[in-house]
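Below is one structure, written out as C-alpha cells; the observations come after it.
Numbering of residues begins at 1 and proceeds along the displayed sequence. Heavy atoms only: backbone and side chains are in, while hydrogens, waters and symmetry mates are out. Values in this document were obtained by computation on a predicted structure and should not be read as measured data.
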Amino acid sequence: MAKHNSHRAPGRPVNGAARLAYKGIGGAAMLGTVVVGSAFAAQGASAAPAAPAAPADVTAVTPAAPVTPVATASLSSGSTLYQGSRGERVEDLQQLLNDHGAGLAVDGKFGPRTHAAVVDYQRDNGLQVDGRVGPQTRASLNGGSSDSGSTSSSSSSSSTSGSSIVNIARQYIGVDYSYAGSSPSGFDCSGLTSYVYSKVGIDLPRTSSAQAAGGTRISKSEARPGDLVVWSGHVGIYAGDNKVVDAGSSKGSVSERTIWGSPSFVTYR
C-alpha cells in the first residue's frame, strides 16, 4: 500500500492555512487601517492650534485731576472783623481759614489764634497784613474781589458800631471809680472799656496793657469814635472832638473830658 506523503514541498503552503493567513493578514490590515486612520484623526484634532484669545480691553488710566478745596462757608459783608469780635460771621471766618489749613476751633470768638491765622492768610496771599478782616481780606477768602459797595457798607457799619460804643459809655458817666471794678456798681479804666465793648459783642482783654496790645495801633487822625485812647497804665474810649470817656482815679468817677498829653490810639474795628 502506498503511504501518503506527509511532507510538502518547501514553499508550498497548505490552502486552508493560506486562507487563514490571508484573512488574518487582511483582518489585521483592515484593523490597522481603522486604528491608524483614527489615530491620525485624533492626533490632528488635538494638535490643532487654539484660536488666539481676544486682547484684554485695557483702558488707559488717566491720572485724577488735583482736587481743589471747596469752601464750606462764605463770609457775608458787614463791619470789619478783628480781635475781640464774636458771632456767626466769626464762625464763618474761622471755617474759611480752616479750609486753608488753619485748624481753628469754630467757636465764633475772634481771639489770638484767629488773629494769627488771619495774619498768616494775609501774608500768604499778598494782602495788607493787619490781622483785620475788611472788604479786601473777606473778598479773598470768598474767592472774589472787593467792591465799593461792600467797602461802603463796611465803613457805615463800623461808624454805627463806634457811635454805639460811645453812647453806651456815656450812660455810665458819674459811676464811681473802683479799683478792679468791671460793673456799673464801680469801674476802673479797663473795666469800663471791656464792659462797654461787651455790649456790642466785642471781647476785650481785661487789663489796659493787654487791650493796647490786642488791637491795631493807629494815628490820631485815623481814630474814630469808639476806638481806644491809651496812656501808660490807663485807657479810655475816644468820643471824637478830642474827647475821651474814661473811668479815672483822679476824677473819682466815669467822666467825659478833653484828652491830655500824647496818648496812643488803638482800634478793634
Side-chain angles (χ1 to χ4, degrees), residues 62-162 165 193-194 197-198 200-207 209-224 226-228 230 264-269:
T62 303
V67 177
T68 302
V70 177
T72 56
S74 62
L75 185 58
S76 61
S77 61
S79 60
T80 297
L81 297 175
Y82 46 87
Q83 188 164 331
S85 300
R86 59 167 56 194
E88 292 183 1
R89 292 182 68 239
V90 176
E91 291 182 10
D92 291 339
L93 167 64
Q94 291 167 329
Q95 185 60 66
L96 285 169
L97 291 169
N98 285 345
D99 290 341
H100 293 273
L104 299 170
V106 181
D107 57 7
K109 297 178 181 178
F110 197 131
R113 288 194 62 195
T114 301
H115 176 83
V118 170
V119 168
D120 288 343
Y121 178 83
Q122 291 172 327
R123 184 179 296 115
D124 292 344
N125 289 273
L127 303 169
Q128 180 183 352
V129 180
D130 58 6
R132 300 160 64 80
V133 183
Q136 186 183 36
T137 300
R138 180 178 66 249
S140 177
L141 284 164
N142 286 338
S145 58
S146 60
D147 54 70
S148 59
S150 60
T151 302
S152 175
S153 173
S154 175
S155 299
S156 176
S157 298
S158 179
S159 176
T160 299
S161 176
I165 290 171
T193 52
S194 60
Y197 267 61
S198 72
V200 294
I202 300 174
D203 286 335
L204 292 185
R206 178 58 182 85
T207 66
S209 59
Q211 289 177 8
T216 301
R217 194 165 292 248
I218 56 176
S219 66
K220 185 175 182 179
S221 63
E222 295 174 304
R224 300 176 187 173
D227 290 334
L228 298 182
V230 180
S264 299
F265 292 82
V266 172
T267 184
Y268 279 80
R269 287 182 272 110

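- Between the side chain of R206 and the backbone N or O of S194 there is no donor-acceptor pair closer than 3.5 Å.
- Separation of atoms CD (Q136) and CG (N125) is listed at 10.0 Å; rounding is to 0.5 Å.
- Rounding to the nearest 0.5 angstrom, the gap separating the CG atom in L204 from the CD atom in Q83 is 9.5 Å.
- Here the straight-line distance linking atom CZ of R224 with atom CZ of F265 works out to 14.0 Å at 0.5 Å rounding.
- Looking at heavy atoms from C-beta onward, D227 lies out of side-chain contact with I165 at the 4.5 angstrom threshold.
- When atom types are taken as modelled, the side chain of Q94 and the backbone of K109 share a donor-acceptor pair closer than 3.5 angstrom.
- Counting all heavy atoms, side chain and backbone alike, S74 lies closest to N142 at CA-OD1, 3.4 Å.
- Taking each heavy atom of L75 and L93 in turn, the nearest pair found is CD1-N, 4.2 Å.
- Using a 4.5 Å cut-off on side-chain heavy atoms (C-beta onward), Q122 and T137 make contact.
- Under a 4.0 Å N-O distance rule, the pair D120/R123 qualifies as a salt bridge.
- The main-chain N or O of G108 is never found under 3.5 Å from a side-chain atom of E88 such that the two would form a donor-acceptor pair.
- Scanning both residues, G131 and V119, for their nearest heavy atoms gives CA-CG2, 3.7 Å.
- Rounded to the nearest 0.5 Å, atoms NE2 (H115) and CG (L81) are 13.0 Å apart.
- Remark: of the listed residues L104, V133, V106, L104 is the sole one forming a side-chain contact (heavy atoms from CB on, under 4.5 Å) with T114.
- The shortest heavy-atom contact between A223 and I218 is CA-CD1, 3.6 Å.
- In terms of heavy atoms, Q211 sits closest to P205 at NE2-O, 2.8 Å.
- Note: H100 and Y121 have perpendicular aromatic rings, judged against thresholds of 30 and 60 degrees for the angle between ring planes.
- Closest approach of N98 and G103 over heavy atoms only: OD1-N, 3.0 Å.
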